[in-house]
Amino acid sequence: LVAHVALKDDRGEQKPVVPLAALLEASGNHAVLFVLDATGNSVRRVSVVVGRFEGDRVEVLSGVAAGERVVDDGAAYLHDGSAVRVLPKG
């Protein structure tokens, strides 16, 4: 899933938004998620700082850039560097 949606912060800067289901090990405003590498064949574990919640999505203040693809299903079974195959939604 690609984080295309963005929310504007208090300074008018846009921040990426990811599905709430992508977050693992959340504690306060800190969480962990998995991001696909550039080839889309493996993942890396990333620590993020989250902000506002909008329904089933959460704003990411740091750790992920807009447009990076995050794992929102099955992330609990992954580790840093896991090989993956992206399947179409449906």
[Y] side chain reached by [X] side chain, heavy atoms, under 4.5 Å:
{"X": "Phe34", "Y": "Val84", "value": "no"}
{"X": "Val35", "Y": "Val43", "value": "no"}
{"X": "Pro19", "Y": "Val70", "value": "yes"}
{"X": "Val50", "Y": "Leu61", "value": "no"}
{"X": "Val58", "Y": "Leu23", "value": "yes"}

query: Asp80 side chain to Arg45 main-chain N or O, any donor-acceptor pair under 3.5 Å?
result: yes
### Query
Do Ser27 and His30 have a side chain donor and acceptor closer than 3.5 Å?
no
Could you tell me the separation between the [atom1] atom of [X] and the [atom2] atom of [Y], rounded to the nearest 0.5 Å?
{"X": "Leu33", "Y": "Leu20", "atom1": "CG", "atom2": "CG", "value": "11.0 Å"}
{"X": "His79", "Y": "Arg44", "atom1": "NE2", "atom2": "CZ", "value": "15.5 Å"}
{"X": "Ser82", "Y": "Asp37", "atom1": "OG", "atom2": "CG", "value": "11.5 Å"}
{"X": "Ser47", "Y": "Leu24", "atom1": "OG", "atom2": "CG", "value": "11.0 Å"}

request  = Tell me, yes or no, whether the heavy-atom count around Asp73 atom CG, taken from other residues, nucleotides or ligands under 6.0 Å, exceeds 12.
outcome  =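 No, the 6.0 Å shell around CG holds no more than 12 heavy atoms from other groups.
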Ser42 and Gly81 have their tightest heavy-atom pair at CB-O, 4.0 Å
Check the pair Val60 / Val49 against side chain to side chain contact (heavy atoms under 4.5 Å, CB included), numbers first and verdict last. CA-CA 6 Å; Val60 179; Val49 176; over 6 Å; no
Ion pair present between Lys15 and Glu59, side-chain N to carboxylate O less than 4.0 angstrom?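 So Lys15 does not pair with Glu59 through a salt bridge.
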